[in-house]
A.B. asks: 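Handing you a structure now.
Atoms considered below: every heavy atom in the structure, side chains included; atoms not considered: hydrogens, waters and symmetry mates.
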Amino acid sequence: MVMATEVESGDLVQAAGHAGPWTVVEVRQGMALLEHSDGHRLSRRTTTLTVVRKGSGKKTTAVDDGKDENGSPTLFD
């Protein structure tokens, strides 16, 4: 049996019908506020989202810590 993954702030998710992934900014009462890398935001029910990668519970980007997903320095270093 597969259990649903709970959507939390900081997770990267795919929203049905929308190019992604999206970062979960906030979750409240079964709704998630999502932000795309280009700055667009939208709200969707958490039941319509697929978690691509679990976050650390806070919104972070590769530029925030100066490293990409693999821990390597970015072009901005």
A.B. asks: I'd like to check Arg44 versus Leu49 (side-chain heavy atoms, cut-off strictly below 4.5 Å). Are they in contact?
C.D. replies: yes
A.B. asks: For Asp11 and Val51, indicate whether the former's side chain and the latter's backbone hold a donor-acceptor pair under 3.5 Å.
C.D. replies: no
A.B. asks: Would a 4.5 Å heavy-atom cut-off, applied to side chains only, mark Val13 and Thr50 as touching?
C.D. replies: no
A.B. asks: Roughly how far, to the nearest 0.5 Å, is the OG1 atom of Thr47 from the CE atom of Met31?
C.D. replies: 9.0 Å
A.B. asks: Looking only at heavy atoms, which two atoms of Pro21 and His36 are closest? And how far apart?
C.D. replies: O-CD2, 3.7 Å
A.B. asks: Would you say Val24 and Leu42 are hydrophobically clustered, going by side-chain heavy atoms of ILVMFWY under 4.5 Å?
C.D. replies: yes
A.B. asks: Got a second to check how far Arg45's CZ is from Gln29's CD, nearest 0.5 Å?
C.D. replies: 10.5 Å
A.B. asks: If you take all heavy atoms of Glu35 and Val25, which pair is closest and at what distance?
C.D. replies: CB-CG2, 3.6 Å
A.B. asks: Measure the CG-CG distance between Leu34 and Leu12 for me, rounded to the nearest 0.5 Å.
C.D. replies: 10.5 Å
A.B. asks: Minimum heavy-atom separation for Leu33 and Arg41, please, with both atom names.
C.D. replies: CD2-NH1, 3.6 Å
